[in-house]
Protein chains: 2
Amino acid sequence: MQQAHIAGRWLSTVHRYSYIFLSKTFAEYGIGQGQIKFLMILFEQDGVTQEHMAGELNIDKATVARAIRKLETEGYVIRKPHESDRRANLIFLTDKAKGIESVIKKEMTHWTETLTHGFSDEERQTAIELLKRMAGNAVKEVESMEEVKSNETAE
Amino acid sequence: MQQAHIAGRWLSTVHRYSYIFLSKTFAEYGIGQGQIKFLMILFEQDGVTQEHMAGELNIDKATVARAIRKLETEGYVIRKPHESDRRANLIFLTDKAKGIESVIKKEMTHWTETLTHGFSDEERQTAIELLKRMAGNAVKEVESMEEVKSNETAE
DNA sequence: GCTGAAAGGTTGCGTATGCAACTAAAATTG
DNA sequence: CAATTTTAGTTGCATACGCAACCTTTCAGC
């Protein structure tokens, strides 16, 4: 085996090039790479809170707030106040967003196919599964670091 | 198979949590996540140009310039003018950097082990190999997009 | 050897992100 | 039910990054 610490390098390269690709691809729609993931969530389940998205994507709620605001400004989503919890908003797709749903999904699929070009079906499946497990491990580790920290300050 | 476009989600989660972990881990040394990759390059080969690093990591030369400046400010590297090419600098590690080389490598290995927790040796190996191929595919695709663009403007 | 193109670096600007601090509205608890 | 804690969201600040424009220096072609 090579140096174990080399994994992060490829990960970081894939991430940065995904950023470049998605930014260029959706620029003509006024959508940045950072907003796509929220649209993808909404395509699955429309009308959720920002908190829900933050939890679903394991992303900071401040980042959610800004991404949703940008999408709202561009006319892709609207915020409706939650009827029984006045702290929360529910986020809904507009027709403008629904109109480009298929384009977005097509490009996302295209990018995944690009990344896994030359992979066998099995390798493609394995790649996704291993990445999912890595994501789970990453989240668990960082959360355990935070627990340690909050226990310390509580003493 | 699930939706193909789901791969990017895990990728992005792993990347963001790597960012969080590495930022926290190296904060006490005055080193950010963004500088680590350059130190790793220098641990392999000391005394290279910024251009070399940009090529090696497929990273923008402006980002290299800023990361190296930060490392220089913190006393981890020095820039020496290239003796035969007055445009270029050669970047060398200081003793301060060499003194924490083992710590950095240890933490990087630890993080990789965390990400691949519960993986068999074969899965760990596969994960690294598939990521490497994905990175290669990503770079190739974006470069081909740029070629198309420059051909268009040249006409 | 000039001239124009290419290469190495830097800086300005914009985006995506995390963290900390904040507000306002629930929810919990004594 | 009043006081405290938690939750949903926003804003300020800092970091990492890409792209474009720029400056020097080097190189290639004539």
Side-chain angles (χ1 to χ4, degrees), chain A residues 12-13 15-24 26-27 30-38 48-55 57-74 79-91 139 142 145-146 149-150 153-154, chain B residues 12-13 15-24 26-27 30-38 48-55 57-74 79-91 139 142 145-146 149-150 153-154:
Chain A
S12 144
T13 301
H15 175 264
R16 281 183 296 100
Y17 276 79
S18 298
Y19 172 90
I20 295 170
F21 174 81
L22 297 175
S23 298
K24 284 182 180 165
F26 296 116
I31 301 174
Q33 169 270 337
Q35 287 99 59
I36 295 292
K37 50 174 74 73
F38 300 102
V48 295
T49 63
Q50 297 181 197
E51 192 70 13
H52 173 81
M53 294 188 190
L57 295 168
N58 290 109
I59 215 167
D60 192 82
K61 58 188 180 165
T63 301
V64 178
R66 282 180 284 242
I68 297 301
R69 183 169 55 206
K70 178 129 192 254
L71 285 170
E72 190 181 31
T73 304
E74 294 288 336
R79 283 174 222 238
K80 289 184 185 168
H82 193 294
E83 70 262 352
S84 67
D85 183 346
R86 279 186 296 162
R87 293 169 305 180
N89 303 319
L90 296 179
I91 315 298
V139 172
V142 170
M145 287 168 74
E146 280 159 8
K149 196 175 127 196
S150 68
T153 48
Chain B
S12 143
T13 301
H15 174 263
R16 282 182 296 100
Y17 276 77
S18 297
Y19 172 91
I20 295 170
F21 174 81
L22 297 175
S23 297
K24 284 182 180 166
F26 297 116
I31 300 174
Q33 170 268 340
Q35 288 99 59
I36 295 291
K37 50 174 74 73
F38 300 102
V48 295
T49 64
Q50 297 181 198
E51 193 70 12
H52 172 82
M53 294 187 192
L57 295 168
N58 290 108
I59 213 166
D60 192 83
K61 57 187 181 168
T63 301
V64 179
R66 283 182 283 243
I68 297 301
R69 183 169 55 205
K70 177 127 192 258
L71 285 170
E72 190 180 31
T73 303
E74 294 287 336
R79 283 174 221 239
K80 290 185 183 168
H82 193 294
E83 70 262 350
S84 67
D85 183 347
R86 278 185 298 161
R87 294 169 303 179
N89 302 320
L90 296 179
I91 314 299
V139 172
V142 170
M145 288 169 74
E146 280 159 9
K149 196 176 127 197
S150 68
T153 50

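Lettering of chains follows the sequences in order, A, B, ..., and the numbering in each one begins at 1.
Using a 4.5 Å cut-off on side-chain heavy atoms (C-beta onward), B/K61 and B/E51 make contact. At a threshold of 4.5 Å between non-hydrogen side-chain atoms, the residues A/F38 and A/I91 do not count as touching.
Set against D/dG9, C/dC13, D/dT26, the side chain of B/D85 has D/dT26 as its closest nucleotide. Listed nucleotides: D/dA16, D/dC19, D/dT11. Nearest to the side chain of A/A65: D/dT11. Taking only side-chain atoms of A/K70, from C-beta outward, the nucleotide of C/dA16, D/dC19, C/dG18 with the closest atom is C/dA16.
When the side-chain nitrogen and oxygen atoms of A/Q50 are compared with OP1 and OP2 of D/dT10, one or more of them lie within a distance under 4.0 Å. In terms of phosphate contacts, B/T63 brings no side-chain nitrogen or oxygen within less than 4.0 Å of OP1 or OP2 of D/dA16. Note on B/Q35: every side-chain N or O is 4.0 Å or more away from OP1 and OP2 of D/dT15. Residue B/R86 places none of its side-chain N or O atoms closer than 4.0 Å to OP1 or OP2 of D/dT24.
DNA chain C is contacted by both B/A88 and B/I20; B/A88 maps to the nucleotide lying nearer its 5′ end (nearest heavy atom per residue). Each of A/Y19 and A/N89 has a nearest nucleotide on DNA chain D; the 5'-most of these lies closest to A/N89.
Rounded to whole angstrom, the span from the CE atom of A/M53 across to the P atom of D/dT7 amounts to 20 Å. The interatomic distance linking B/R79 (CZ) with C/dG9 (P) rounds to 9 Å, in whole Å. Rounded to an integer number of Å, the gap from A/H15 NE2 to D/dC17 P is 10 Å. Atom pair B/I68:CD1 and C/dG9:P shows a separation of 10 Å (rounding to whole Å applied). Look at NZ on B/K61: it is 18 Å from C1' on D/dA16, rounded to the nearest Å. Distance CG (A/L57) to P (C/dG18): 10 Å, rounded to an integer number of Å. For the pair B/K37 NZ and D/dG18 C1', the interatomic distance rounds to 13 Å; values are reported in whole Å. Look at NE2 on A/H82: it is 13 Å from C1' on C/dA25, rounded to the nearest Å.
Note that CD of A/Q33 and NE2 of A/H15 are 5.5 Å apart. Values are rounded to the nearest 0.5 Å. Here the CZ-OG1 distance, from A/R16 to B/T63, works out to 8.0 Å after rounding to the nearest 0.5 Å. Interatomic distance, B/E72 CD to B/I68 CD1, rounded to the nearest 0.5 Å: 9.0 Å. Atom NE2 of B/H82 is separated from atom CZ of B/R87 by 9.5 Å, given to the nearest 0.5 angstrom.
With hydrogens and angles ignored, no donor-acceptor pair closer than 3.5 Å exists between the side chain of A/R66 and the base of C/dG14. Checked by distance alone, B/R87 brings a side-chain donor or acceptor within 3.5 Å of a matching partner on the base of C/dA7.
Nucleic acid contact class of B/A54 (heavy atoms, under 4.0 Å, all strands): none. A/A67 comes within 4.0 angstrom of nothing in the nucleic acid, heavy atoms only. Using a 4.0 Å heavy-atom distance criterion, A/S84 is classed as a sugar-phosphate-only contact.
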